[in-house]
Amino acid sequence: MAFDIDMIKKVYAQVAERVDAAREVTGKPLTLAEKILYSHLWDGKSKTAFTRGKDYVDFAPDRIACQDATAQMALLQFMQAGKKKVAVPTTVHCDHLIQAKVGADKDLQSAMNTSSEVFNFLESVSDKYGIGFWKPGAGIIHQVVLENYAFPGGMMIGTDSHTVNAGGLGMVAIGVGGADAVDVMAGMPWELKFPKLIGVKLTGKLSGWTAPKDVILKVAEILTVKGGTDAIVEYFGPGATSMSCTGKGTICNMGAEIGATTSTFGYDESMERYLRATERAEVADAANKVKEHLTADPEVYANPEQYFDQVIEINLSELGPLLNGPFTPDLSTEVGTSMTEKAKASDWPLQVEWGLIGSCTNSSYEDLSRASSIAQQALDKGLKMKSELGINPGSEQVRYTAERDGILGIFEKLDAKIFTNACGPCIGQWARYSDPKNAPKNSIVHSFNRNFAKRADGNPNTHAFVASPELTAAIAVSGRLDFNPLTDKLINEDGQEVMFDEPTGWELPPKGFEVEDAGYLAPVEDGSGVQVNVSPTSERLQLLTPFEPIGDEIKGAKLLIKAFGKCTTDHISMAGPWLRYRGHLDNISNNCLIGAVNAFGKKTNFVKNQLDGEFGGVPDTARAYKAAGVPTIVVGDHNYGEGSSREHAAMEPRHLGVVAVIVKSFARIHETNLKKQGMLGLTFANEADYDKIQEDDTINFLDLNAFAPGKTLNIEFVHADGSKDVIEVNHTYNDSQIEWFKEGSALNLIKKQNA
């Protein structure tokens with residue numbers, strides 16, 4: 001079934017005219033990313049050429065997708081916008097609130113019991129405002145979107161950083177905070193700094209043990225976790241067209257780990273095959289009529305250095321299987337000797353306790369089939385599992401088809417746990433330990449995207465390594481981090497030496513996809529009579545109170561915390577057990593910055609309260625300042641806010657009285673989220689000024705009354721001994737974003753405009 005086919009046909013009907021207009025104003029051939037951006041301008045046909053990395057541009061996305069953890073806050077905000085229905089097609093997917101523990105059926109039932117209040121809220125809000133609802137167990141948002149909603153040449157936003165997965169079907173799909181999504185739901189334009197462009201030319205062809213996952217693991221090594229910031233990565237070349245659609249999705253998915261705005265591929269035959277296999281022939285037929293506009297102009301790929309800001313070339317024929325980690329997704333190591341040497345030198349545990357296959361990155365039918373070919377070999381060759389194995393199918397359609405074709409049965413013969421079609425361990429929803437903080441040092445290998453400390457199981461001593469599904473399966477069988485399936489032999493139960501053959505699999509199910517109940521609920525035609533109830537005594541849900549404007553007189557502020565080193569959104573507002581409070585701002589604010597390392601003392605969740613000289617947790621200290629009417633600031637290092645799109649990492653500090661965050665550099669989504677919530681997101685003009693900030697400082701903003709685009713601000717830090725440092729800071733606020741600040745939040749401005 002093709003959802004929203006009329007909308008898709010409308011996009012295609014206007015693409016030629018808009019691409020032609022863009023070529024005229026830019027005076028050059030266009031990349032695919034530029035074609036999609038220029039054909040989705042809020043004002044229609046382009047009248048000017050935009051400067052990459054500088055100009056803020058209003059766009060009109062085609063659709064929105066929200067997962068259950070972020071949808072709560074997004075929809076609580078939308079309920080204040082004064083609209084009767086969402087302005088663009090929108091869906092909600094229940095995939096984050098299901099904990100992996102026993103197995104699919106029991107875990108799903110447990111989630112239904114413990115989170116029924118949240119699921120009922122999301123279903124009723126979806127019904128009321130015309131939003132498609134995917135029930136718990138239906139699948140992981142990004143796999144479901146790829147199967148049902150993604151289409152070549154489209155633009156979508158989603159309240160999850162891995163929305164970028166849809167680039168595998170030729171979209172520009174971008175992760176945003178909930179407030180951005182609310183703008184578009186309310187019929188407003190969506191603003192984005194026009195991205196820079198990185199071209200990745202893929203030559204050769206994948207074979208043997210090398211998988212699409214290895215491509216993005218290599219790109220992460222090259223660009224690092226911040227190398228893609230404010231850029232769209234566009235893949236092209238013969239290696240790109242020879243790859244499956246879901247393989248392309250895997251590569252785009254992990255583009256979030258290099259900070260990229262999004263990643264994408266040009267429309268090709270693999271995408272057409274995938275569209276037809278997922279019963280969207282009508283979309284494929286429509287795309288074929290305009291296919292020259294759904295990829296870059298030929299001149300671009302022939303001479304990429306002339307059209308991209310940066311070009312990387314990777315020969316897939318020379319690429320081998322990689323393991324990235326631990327603790328960061330860009331630390332890349334080749335399997336075998338390199339891993340052995342690096343692991344021993346770094347004291348990484350060589351024994352692997354778990355192998356985990358799934359997540360939004362690698363949970364397609366192709367992924368499961370290739371991993372199952374390794375599992376089948378283990379059975380055939382008499383090998384016994386040395387690690388535990390867990391599987392998370394990407395959707396009910398994938399799960400049902402894989403079960404029908406015997407793929408899941410192969411894993412089950414190895415005593416693997418088949419978890420729910422949900423995120424599970426990938427986002428910390430894994431009941432692995434009863435006391436994760438005191439759990440032992442160990443290694444795991446998974447086909448997920450992120451491997452920050454404590455990410456999967458809450459254990460800071462778990463060393464997590466990212467790999468392809470097939471390599472994950474092989475390492476799980478061997479139980480060794482230093483195992484190289486290309487060269488190493490294993491001893492089977494009969495004492496014989498055996499080796500794995502190369503993995504095999506199917507791009508698409510030979511007998512087609514099949515499913516009995518995909519888990520989709522369409523909204524009622526008229527939602528005016530639907531009641532949305534939120535109990536005032538609920539622990540899980542809380543109606544929002546609008547933020548008051550901070551104002552332009554910030555004097556006598558105190559330092560809440562000076563974060564040292566990596567500070568991701570997991571550090572600012574961790575997931576795992578805290579997911580239950582994602583719809584209750586006050587309760588979830590009790591995790592605010594508790595994972596950040598304080599530069600003074602190098603401890604987590606231990607900061608000085610200047611009001612009484614006592615030390616305590618960050619949230620309690622923030623609440624004490626707020627109760628006393630004292631504003632606070634947060635200081636951070638490079639790439640502050642890296643990782644998930646969760647806007648709670650901006651809303652919690654705002655709720656607790658933080659007025660400004662000053663850092664060396666921001667991750668894109670987090671900087672925007674701070675702006676949306678009416679806060680100041682600032683960067684040091686001189687990064688060395690970070691070192692001048694002291695624990696007992698009192699902070700005064702000297703010229704905030706002259707806040708204007710392109711104009712630096714000056715902040716006075718008064719130290720305990722009476723000495724002072726005046727520090728200059730930069731910002732990227734434009735006129736409309738300054739209005740958000742003046743009104744207290746972007747949502748306040750929307751409400752004012754809709755009044």
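Note that the structure is a prediction, hence the values are computed from the model and not measured.
- Using a 4.5 Å cut-off on side-chain heavy atoms (C-beta onward), Thr70 and Arg582 make contact.
- Checking side-chain atoms of Asp330 against main-chain N and O of Val225 turns up a donor-acceptor pair under 3.5 Å.
- Evaluation of the ring-ring contact (aromatic ring centres under 6.0 Å, His included) test over residues 643-677, restricted to residues two or more places apart or in two chains, returns Tyr640-His670.
- For Thr621 (side chain) and Asn609 (main-chain N/O), no donor-acceptor pair under 3.5 Å exists by modelled atom type.
- Summarising the geometry, atom CD1 belonging to Ile312 is positioned 4.0 Å from atom CG belonging to Leu223; distances are rounded to the nearest 0.5 Å.
- Pairs of residues two or more places apart, or lying in two chains, that qualify as ring-ring contact (aromatic ring centres under 6.0 Å, His included) and include a residue from residues 51-79 are Phe78-Tyr129.
- Put simply, the side chain of Lys724 does not reach to within 4.5 Å of the side chain of Val726, judged on heavy atoms.
- For Ile738, the side chain to side chain contact (heavy atoms under 4.5 Å, CB included) test picks out Phe707, Pro709, Tyr733, Lys742, with sequence neighbours left out.
- With 3.5 Å as the limit, one finds a donor-acceptor pair spanning the side chains of Ser161 and Arg450.
- In this structure a side-chain-to-backbone donor-acceptor pair under 3.5 Å is present from Asp309 to Leu197.
- Residues passing the salt bridge (charged side-chain N to carboxylate O under 4.0 Å, His left out) test with Asp620, sequence neighbours excluded: none.
- Side-chain contact between Gln542 and Asn587 is absent, with no heavy-atom pair separated by less than 4.5 Å.
- The main-chain N or O of Met73 is found under 3.5 Å from a side-chain atom of Gln77 such that the two form a donor-acceptor pair.
- Qualifying side chain to side chain contact (heavy atoms under 4.5 Å, CB included) partners for Asp689, counting only residues two or more places apart in sequence or in other chains: Phe684, Asn686, Lys692, Ile727.
- Taking a 6.0 Å sphere around CD of Glu728, one finds it holds more than 12 heavy atoms contributed by other residues, nucleotides or ligands.
- For the pair Arg23 and Lys35, the minimum side-chain heavy-atom distance is below 4.5 Å.
- The closest side-chain donor-acceptor pair between Glu191 and Ser736 falls under 3.5 angstrom.
- In this structure the side chain of Leu713 reaches within 4.5 angstrom of the side chain of Asp703, judged on heavy atoms.
- Using a 4.0 Å cut-off between a side-chain N of Lys or Arg and a carboxylate O of Asp or Glu, Lys664 and Glu687 do not qualify as a salt bridge.
- For the pair Pro619 and Asn605, the minimum side-chain heavy-atom distance is below 4.5 Å.
- Not counting sequence neighbours, Arg18 has no partner by the side chain to side chain donor-acceptor pair (under 3.5 Å) test.
- Proximity of a side-chain donor or acceptor of Thr632 to a complementary backbone N or O of Lys558 within less than 3.5 Å is not detected.
- Under the side-chain hydrogen bond (donor to acceptor under 3.5 Å, both in side chains) criterion, the residue pairs touching residues 222-235 are Glu234-Tyr301, with sequence neighbours excluded.
- Between the Asn748 side chain and the Glu743 main chain, a donor and an acceptor come within less than 3.5 Å of each other.
- Under the 3.5 Å distance criterion, the side-chain polar atoms of Asp68 are matched with a main-chain donor or acceptor of His96.
- The side chain to side chain contact (heavy atoms under 4.5 Å, CB included) search around Lys711 returns Ala706, Ala708, not counting sequence neighbours.
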Begin with the C-alpha distance, continue with both residues' side-chain angles, and end with the deciding distance and a verdict on side chain to side chain contact (heavy atoms under 4.5 Å, CB included) for Leu192 and Arg668.
CA-CA 10 Å; Leu192 178 73; Arg668 175 190 62 84; 4.0 Å; yes

Applying side chain to side chain contact (heavy atoms under 4.5 Å, CB included), run through Ile750 and Gln80 and close with a yes or a no.
CA-CA 9 Å; Ile750 291 175; Gln80 296 187 48; over 6 Å; no

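- For the atom pair Leu37 CG and Ile174 CD1, the distance stands at 7.0 Å (nearest 0.5 Å).
- Counting non-hydrogen atoms of other residues, nucleotides and ligands closer than 6.0 Å to NZ of Lys45 gives a total of 12 or fewer.
- Here the options are Val634, Val635, Val607, the test is side chain to side chain contact (heavy atoms under 4.5 Å, CB included), and the partner is Lys562; only Val635 passes.
- Proximity of the aromatic rings of Tyr690 and Phe564 is defined here by a centroid distance below 6.0 angstrom, and this criterion is not met.
- Contacts of Pro549 classified as side chain to side chain contact (heavy atoms under 4.5 Å, CB included), with partners at least two apart in sequence or in another chain: none.
- Going from atom OH of Tyr38 over to atom OG1 of Thr26 covers 6.0 Å, rounded to the nearest 0.5 Å.
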Take Asn253 and His142 through the test side-chain hydrogen bond (donor to acceptor under 3.5 Å, both in side chains) and record every step on the way to the result.
CA-CA 9 Å; Asn253 181 291; His142 310 303; 5.6 Å; no

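- Thr261 and Lys193 share no side-chain donor-acceptor pair at under 3.5 Å.
- Ser745 contributes no side-chain N or O that, together with a main-chain N or O of Gly678, makes up a donor-acceptor pair within less than 3.5 Å.
- The shortest distance between side-chain heavy atoms of Gln694 and Phe717 does not fall below 4.5 Å.
- Checking side-chain atoms of Ser39 against main-chain N and O of Val15 turns up no donor-acceptor pair under 3.5 Å.
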Where do Asp586 and Arg623 land on the side chain to side chain contact (heavy atoms under 4.5 Å, CB included) test, with the steps shown first?
CA-CA 11 Å; Asp586 193 56; Arg623 290 183 189 277; 3.0 Å; yes

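- The line from CD1 of Ile699 to CD1 of Ile662 is 7.0 Å long, rounded to the nearest 0.5 Å.
- For Lys752, the NZ atom sits in a loose shell: 12 or fewer heavy atoms of surrounding residues, nucleotides or ligands are nearer than 6.0 Å.
- With Asp180 contributing its side chain and Gly177 its backbone, the two residues share no donor-acceptor pair below 3.5 Å.
- Between atom CZ of residue Phe741 and atom CG of residue Leu680 there is a gap of 4.0 Å, rounded to the nearest 0.5 Å.
- With salt bridges taken as basic N to acidic carboxylate O contacts below 4.0 Å, one links Glu34 and Arg52.
- In terms of the ring-ring contact (aromatic ring centres under 6.0 Å, His included) criterion, residue partners of Phe606 (sequence neighbours excluded) are, by chain and number, Phe615.
- The shortest distance between side-chain heavy atoms of Val176 and Trp190 falls below 4.5 Å.
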Go through the steps to decide whether Cys567 and Ile572 satisfy the test side chain to side chain contact (heavy atoms under 4.5 Å, CB included), and finish with yes or no.
CA-CA 7 Å; Cys567 191; Ile572 305 168; 3.8 Å; yes

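- Separation of atoms CD1 (Ile561) and CD (Glu695) is listed at 10.0 Å; rounding is to 0.5 Å.
- Sorted by first then second residue, the salt bridge (Lys or Arg N to Asp or Glu O under 4.0 Å) pairs that include residues 638-662, not counting sequence neighbours, are Lys566-Glu642, Asp570-Arg646.
- The side chain to side chain donor-acceptor pair (under 3.5 Å) search around His162 returns Glu257, Asn449, not counting sequence neighbours.
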